[in-house]
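Down below is the structure, laid out as structure tokens.
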Amino acid sequence: DRLQSLMDDYTTAGTVGPIRVALSEKVYRYLLDRPPLAATLIHRLGLGLYSSEFRGPGRFWGDDGEGTKGIVELVYEDAMSRIYFLEGTHKSRLLPHIAGKAVVFLRMDVVREKDSREMIDSTLVVYTKLDNRFLSGLASLLRPLVGRITGGKLRKGVQTVNRLGMAMRQSPEGVLARAVEPPSLSDADLAFLRETLGSLPAP
């Protein structure tokens with residue numbers, strides 16, 4: 001299949017993490033299922049330039065606001081792991097316009113702090129493959145650069161979600177105030193955020 005063929009003939013492969021995220025398992029899973037909500041909160045809180053839109057069941061479009069955009073598809077999930085298939089493009093001063101695909105394995109482990117609050121350790125294993133045959137032919141030269149870019153993008157994404165979690169803990173009322181700003185979120189998302197932020201202990 002497409003995942004196996006990419007993994008059998010990848011341009012780069014690497015591991016990112018584990019990175020600790022200051023969110024409970026319940027909230028982390030909710031945001032994973034709703035990337036547009038996570039992107040909206042991150043943007044409104046000034047934590048990043050992310051944007052995202054649903055493109056069908058288990059599929060969404062994403063843009064990190066820094067030259068990388070594409071379609072992400074959830075192809076497998078169980079209690080503590082997920083597998084994603086990505087197709088996207090990247091523009092930067094270091095590389096010409098490149099297009100490629102990736103398979104990302106996400107592993108989640110629940111940990112508890114001394115005050116018994118949950119946090120999540122996220123570990124990602126990623127395989128990438130460039131679409132451009134010419135660039136693929138230069139794989140030996142590009143591999144370190146492409147690997148750093150891919151790993152850096154994923155690491156920054158998880159770290160940004162951690163910053164969102166920290167903001168929720170430190171100022172739940174402030175996060176909720178931003179969440180209710182127009183354009184309005186869905187009733188379900190607002191209800192979830194009100195319940196979640198209202199139940200957090202005082203910082």
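L31 and V110 fall within a single hydrophobic cluster, where Ile, Leu, Val, Met, Phe, Trp and Tyr side chains are chained together by heavy-atom contacts under 4.5 Å. Residues L3 and Y127 share a hydrophobic cluster, clusters being chains of Ile/Leu/Val/Met/Phe/Trp/Tyr side chains in contact below 4.5 Å. Note on I71 and F54: separate hydrophobic clusters, where clusters join Ile, Leu, Val, Met, Phe, Trp and Tyr whose side-chain heavy atoms are under 4.5 Å apart, directly or indirectly. M166 and L45 fall into different hydrophobic clusters, where Ile, Leu, Val, Met, Phe, Trp and Tyr residues are linked whenever their side-chain heavy atoms come under 4.5 Å apart, directly or through other members. Hydrophobic clustering keeps V111 apart from I120 (ILVMFWY residues linked when any side-chain heavy atoms are closer than 4.5 Å, directly or through intermediates).
Remark: the backbone N or O of R107 is not paired with any side-chain donor or acceptor of T123 at under 3.5 angstrom. Counting only distance, with no hydrogens or angles, the side chain of S52 and the backbone of W61 share a donor-acceptor pair below 3.5 Å. Side chain of R44 to backbone of A179: a donor-acceptor contact under 3.5 angstrom is found.
When every heavy atom of G65 is checked against every heavy atom of L49, the shortest pair comes out as O-CD1, 3.7 Å. When all heavy atoms of S122 and V158 are compared, the closest pair comes out as CB-CG1, 4.2 Å. The shortest non-hydrogen separation linking A167 to V175 is O-CG2, 3.6 Å. Nearest heavy-atom pair, P172 versus Q170, reported as atom, atom and distance to 0.1 Å: CD-C, 3.7 Å.
With Y30 as the aromatic partner, R34 meets the cation-pi criteria of under 6.0 angstrom to the ring centre and within 45 degrees of the ring axis.
Between the CD1 atom of I19 and the CD atom of Q159 there is a distance of 5.0 Å, given to the nearest 0.5 Å. With rounding to the nearest 0.5 Å, the separation of CE in M108 from CG in L124 is 10.0 Å. Within the model, atoms CZ of R163 and CG of L47 stand 5.0 Å from one another, a figure rounded to the nearest 0.5 Å. With values rounded to the nearest 0.5 angstrom, K129 atom NZ is found 13.0 Å from E87 atom CD. Here the CG-CZ distance, from L176 to R194, works out to 6.0 Å after rounding to the nearest 0.5 Å. Taking CG from L164 and OG1 from T160, the interatomic distance works out to 9.5 Å, rounded to the nearest 0.5 Å.
Taking 4.5 Å as the limit, some side-chain heavy atom of L37 sits within range of a side-chain heavy atom of L193. Counting only heavy atoms from C-beta outward, the side chains of L32 and L106 approach each other to under 4.5 Å. Contact check for R112 versus R117: no side-chain heavy atoms found under the 4.5 Å cut-off. Residues K101 and R2 fail the side-chain proximity criterion, which asks for heavy atoms closer than 4.5 Å. A heavy-atom distance below 4.5 Å is found between the side chains of E25 and M80. Annotation: side chain of M168 is in contact with side chain of L41 (closest heavy-atom distance under 4.5 Å).
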Step by step, work out the side-chain contact (heavy atoms from CB on, under 4.5 Å) result for K69 and T89.
-> CA-CA 6 Å; K69 61 184 68 176; T89 60; 3.7 Å; yes

Test side-chain contact (heavy atoms from CB on, under 4.5 Å) applied to Y10 and V103, step by step = CA-CA 10 Å; Y10 60 84; V103 177; over 6 Å; no

V104/V72 under side-chain contact (heavy atoms from CB on, under 4.5 Å): CA gap, chis, key distance, verdict | CA-CA 10 Å; V104 178; V72 179; over 6 Å; no

Apply side-chain contact (heavy atoms from CB on, under 4.5 Å) to the pair F60 and L74, showing each step before the final yes or no.
-> CA-CA 9 Å; F60 63 92; L74 175 66; over 6 Å; no

Determine, step by step, whether T128 and T12 satisfy the side chain to side chain donor-acceptor pair (under 3.5 Å) criterion, reporting the C-alpha distance in whole Å, the side-chain angles of both residues, the deciding distance to 0.1 Å, and the verdict.
-> CA-CA 5 Å; T128 62; T12 69; 2.2 Å; yes

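Heavy-atom contacts from other residues, nucleotides or ligands closer than 6.0 Å to CE of M119 number more than 12. Annotation: K153, atom NZ; neighbour count of heavy atoms from other residues, nucleotides and ligands within 6.0 Å is above 12. Taking a 6.0 Å sphere around CG of D187, one finds it holds 12 or fewer heavy atoms contributed by other residues, nucleotides or ligands.
Classification of R169 and E113 as a salt-bridged pair holds, one side-chain N sitting under 4.0 Å from a carboxylate O.
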